[in-house]
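Worksheet: one structure, shown below.
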Amino acid sequence: MAEKQAKQNEKKVTPRSEDFAAWYNDICIRAELADYSPVRGCIVFRPDGFAIWEAIRDELDKRIKKTGARNAYFPLFIPQSFLQREAQHVEGFAPELAVVTHGGGKELEEPLIVRPTSETIINHMFAQWIRSHRDLPMMLNQWCNVVRWEMRTRMFLRTTEFLWQEGHTAHATREEAERETLTMLEVYRQFVEEFLSIPLIVGRKSAAERFPGAVETYSIEGLMGDGRALQCGTSHFLGQNFAKPFEIRYLDDQNQMQFVWQTSWGVSTRLLGAIVMAHGDDQGLRLPPTVASTQAVVVPIFRKPEEGEKVLAAARGALESLTQAGIRARIDDREGLTPGFKFNDWEMRGVPVRIEIGPRDVASGEAVLARRDKSGPESKSKASLATIADAVGVLLGEIQKNLYAQAKAAMIANTRKFDDYAQFRRHMEGEGGGGFADVYWCGNPVCETRISEETKATCRVIPLTSDGAAGKCMVCGESAPERAYFAKAY
RNA sequence: CGGGGUGUGGCGCAGCCUGGUAGCGCACACGCUUGGGGUGCGUGUGGUCGCCGGUUCAAAUCCGGCCACCCCGACCA
């Protein structure tokens, strides 16, 4: 009995409620999204994982281009001296740089750093390309890898090397750059909420959480299944902090020399981690149909060879209909595996819809549809084989919305208002002390530090739209002009 | 860098205390069987026991040194 139990456990992942971190790792590995690599902190994106990134990239690339930015590519290596030009920027990145000291068997005259982000090299080029107000705005984006020598890494969430998209823009006026910063923030918000079905809170970062070198940092924050927050994307207003040291100047229409105003913004492969943690369950991954490389899988079920012929014919027919309708579908006709095994296998991989076709279905001209976003009897329904593609198409749309609704309900349930610091502290320390805390904060870093030191919760964002009413800081009691969201974060 | 832990077939582990030439489960290969929620049986492939040195007739096991990785903390998208 105990042996049988142990056997069962090997097939399942660590329950999410038991150990969230172990569950997360199990899912990433078992769903074959990624694997560990021989290099510490670096992961391999396996095809099922990379397909998600490709889907994100393809969609977001379109949305970015729609705003007027164009893609370019800048070098991986950056002269070390470039980083040193902007004081905050150096300070922020110095500890996590990978430095190349040798090339071609010789020591380099000046070490090269592997880009942790490309502000410096891009601005170096901007300085050469921008002469006149007619060259502005200049809006570039690049899809690339970056390296940050993090002390502690976690699959997708924090890896030594990661893939991302970084946009860099230069504008004639402060107002225009500030507008651009918020425009991109909104592009990200819509993209993550609609395409990845992850609900967000949006806002401005506190000074302590700001990007090194930025005047303001804005971010979109999601809430994961364990109640911890995850920064899913950032947009920075850089002011003239890079324009001045890199001398990015232009002549305005009054023939006056002016420094440009800039922004930068990015999302990374961390979003894969967000998808896993926002939607996954004890059965495995649950993918929003938009990013699922397989949206529907057909599982034929039969016993005798003569049944097999009919069932397989019907299954292939269904596959054909689905494919013709533009649904990314496949058939699981592997031999020697039981249907039950296949059900679990595809659930682990997060495929949104499973279509079961057996002898009974063929006889009645139907198929059983199982939707991954629900469990138990309500996950299953029947559809006519004649109109299977329509039914699946509708179902995929519902799943996309329902995953968002489920995550949104979880976020609302885990967002609480606190007026009293002692109460806030008790909540954060307590069992399941997660979620967003919506509080008044005076903006003083002293109070912020105290909160993070005593509760491990950090300021996630100060919402863009406040309810207008000022209050008293939860910690010091001084007047607080706006509310802020605090949470334990990744 | 501080604290804790682990290194034995691809993965998860036992064996170590009390030295005697390596075992179990999973996975993998083949055959039969099974198939509407992780089928069952049989046969088989696969290991310089993290590395270096010492003790001994004999070391996965005892001793010394080193290395790597994981978890918790400080840093961060």
Side-chain angles (χ1 to χ4, degrees), chain A residues 2-4 6-14 19 21-22 25-26 29-30 35-41 91-97 116-117 145-154 156-166 188 205 208-212 217 219-222 229-236 264-274 283-284 299-305 307-308 311 332-348 354-362 367-368 370 375-377 379-380 382 452-453 456 458 489-490:
Chain A
E3 220 169 273
K4 178 131 192 210
K7 221 169 173 180
Q8 285 299 313
N9 289 342
E10 267 176 27
K11 292 175 178 171
K12 301 209 163 183
V13 296
T14 308
D19 183 341
N25 277 328
D26 285 353
I29 300 286
R30 294 278 300 279
D35 205 350
Y36 294 108
S37 82
V39 181
R40 194 193 78 93
E91 204 180 310
F93 284 108
E96 53 192 61
L97 295 179
T117 178
N145 58 339
V146 289
V147 167
R148 298 181 187 178
W149 216 262
E150 302 291 350
M151 293 176 173
R152 192 167 153 233
T153 57
R154 303 175 69 100
F156 296 125
L157 303 177
R158 192 175 303 105
T159 47
T160 302
E161 177 189 12
F162 58 95
L163 306 181
W164 77 347
Q165 145 282 309
E166 53 178 322
Y188 288 155
K205 284 292 193 184
E209 302 281 331
R210 203 175 283 153
F211 173 74
T217 289
S219 90
I220 51 173
E221 301 270 333
L230 181 73
Q231 182 170 308
C232 292
T234 50
S235 185
H236 313 289
S264 69
W265 24 270
V267 302
S268 73
T269 39
R270 169 177 264 198
L271 287 174
L272 297 196
Q283 290 301 312
V299 180
I301 299 161
F302 56 88
R303 190 183 306 241
K304 309 185 199 87
E307 284 176 344
V311 166
D332 185 355
D333 54 5
R334 289 178 291 177
E335 291 175 12
L337 294 174
T338 62
F341 181 90
K342 292 177 180 178
F343 294 173
N344 283 285
D345 191 35
W346 294 108
E347 280 168 10
M348 176 59 65
R354 180 180 69 242
I355 299 155
E356 305 170 15
I357 301 179
R360 296 203 295 268
D361 303 301
V362 175
V368 172
S375 58
S379 67
K380 295 208 179 185
K382 291 213 169 191
S452 63
E453 281 178 357
K456 304 285 179 221
T458 51
Y490 277 100

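Predicted model only: the values in this text are computed from it and were never measured. Just so we're on the same page: letters track the sequence lines, and every chain starts at 1.
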Problem set entry | Whole-angstrom distance between B/G46 and B/G23, as gauged at atom C1' | 14 Å
Exercise. If the P atom of B/A59 is compared with that of B/C17, how far apart are they to the nearest Å?
Worked result: 14 Å
For this session: Measure up the A/His236 and A/Phe211 rings against each other and bin them: parallel (under 30°), tilted (30 to 60°), perpendicular (over 60°).
Result: parallel
Seminar exercise, completed: When rounded to whole Å, the CD to P distance for the pair A/Glu209 and B/C76 reads 8 Å
For this session: Select base, sugar-phosphate, or nothing to describe what A/Ser379 touches, counting heavy atoms under 4.0 Å on all strands.
Result: nothing
Exercise. Do the side chain of A/Arg354 and the base of B/G37 come within less than 3.5 angstrom through a donor-acceptor pair of N or O atoms?
Worked result: yes
Exercise. In whole Å, what is the span from the CZ atom of A/Phe302 to the P atom of B/U34?
Worked result: 13 Å
Exercise. How far, in whole Å, is B/A29 from B/G65 if one measures between their P atoms?
Worked result: 46 Å
Seminar exercise, completed: Taken to the nearest whole Å, NZ/A/Lys342 to C1'/B/U34 is 12 Å
For this session: Mind checking A/Phe162 for me? I need base, sugar-phosphate or nothing, with any heavy atom below 4.0 Å counting as a touch.
Result: base
Problem set entry | Separation between the C1' atoms of B/C41 and B/U61, rounded to whole Å | 37 Å
Exercise. Is there a donor and acceptor pair, one atom on the side chain of A/Arg148 and one on the base of B/C76, closer than 3.5 Å?
Worked result: no
Exercise. Considering heavy-atom distances to RNA chain B, does A/Phe341 or A/Lys456 have its closest nucleotide positioned more toward the 5' end?
Worked result: A/Phe341
Seminar exercise, completed: note: A/Arg30, atom CZ; B/G10, atom C1'; distance rounded to Å ~ 15 Å
For this session: For B/G38, give its Watson-Crick or G-U wobble partner with both distances under 3.5 Å, or none.
Result: none
For this session: Could you check whether A/Val368 gets within reach of a base, just the sugar-phosphate, or nothing at all, counting any heavy atom under 4.0 Å?
Result: base
Exercise. Can you tell me if A/Asn344 uses its side chain to pair, donor with acceptor, with the backbone of A/Phe341 under 3.5 Å?
Worked result: no
Exercise. What's the closest nucleotide to the A/Asn344 side chain, out of B/C76, B/G38, B/G36?
Worked result: B/G38
Exercise. When you check the gap from the basic side-chain N to the acidic O, do A/Glu307 and A/Arg360 get nearer than 4.0 Å?
Worked result: no
Exercise. For RNA chain B, whose closest nucleotide is more 5', that of A/Ala370 or that of A/Gln231?
Worked result: A/Ala370
For this session: Take A/Gln231 and A/Glu209 through the test side-chain contact (heavy atoms from CB on, under 4.5 Å) and record every step on the way to the result.
Result: CA-CA 11 Å; A/Gln231 182 170 308; A/Glu209 302 281 331; 5.5 Å; no
For this session: Identify whether any heavy atom of A/Lys380 sits under 4.0 Å from a base atom; if not, whether one sits that close to sugar-phosphate; answer base, sugar-phosphate or nothing.
Result: base
Problem set entry | Nearest-Å distance once atom C1' is located in both B/C13 and B/G53 | 29 Å
Problem set entry | Spacing of the C1' atoms in B/G4 and B/U8 (rounded, Å) | 22 Å
Problem set entry | P atoms of B/U43 and B/G10, separation to the nearest Å | 23 Å
Exercise. Are the side chain of A/Thr159 and the backbone N or O of A/Phe156 linked by a donor-acceptor pair below 3.5 Å?
Worked result: no
Exercise. If we take the C1' atom in both B/G25 and B/G31, what is their distance in whole Å?
Worked result: 22 Å
For this session: Specify the separation, in whole Å, of atom CZ of A/Arg158 and atom P of B/A74.
Result: 11 Å
Exercise. Rounded to the nearest Å, what distance is computed from the CG atom of residue A/Asn25 to the C1' atom of nucleotide B/C69?
Worked result: 14 Å
Seminar exercise, completed: From CG of A/Leu337 across to C1' of B/C28 the rounded distance in Å is 13 Å
Problem set entry | From B/G36, B/A77, B/G37, nucleotide with atom closest to A/Gln283 side chain | B/G37
For this session: Write down the partner of B/C11 under the Watson-Crick or G-U wobble criteria, each distance required to be under 3.5 Å.
Result: B/G25
Seminar exercise, completed: Looking only at B/A74, B/G35, B/G37, the nucleotide nearest the A/Met151 side chain is B/A74
Problem set entry | Pairing nucleotide - B/U6, Watson-Crick or G-U, each distance under 3.5 Å | B/A68
For this session: Please check if the side chain of A/Lys342 supplies one atom and the backbone of A/Asp332 the other of a donor-acceptor pair under 3.5 Å.
Result: yes
Exercise. Which whole-number value in Å describes the distance from A/Leu230 CG to B/A77 C1'?
Worked result: 9 Å
Exercise. Is the backbone of A/Val267 close enough, under 3.5 Å, to the side chain of A/Gln165 for a donor and an acceptor to pair up by distance?
Worked result: yes
Problem set entry | Pair of N/O donor and acceptor under 3.5 Å linking B/G36 base with A/Asp361 side chain | yes
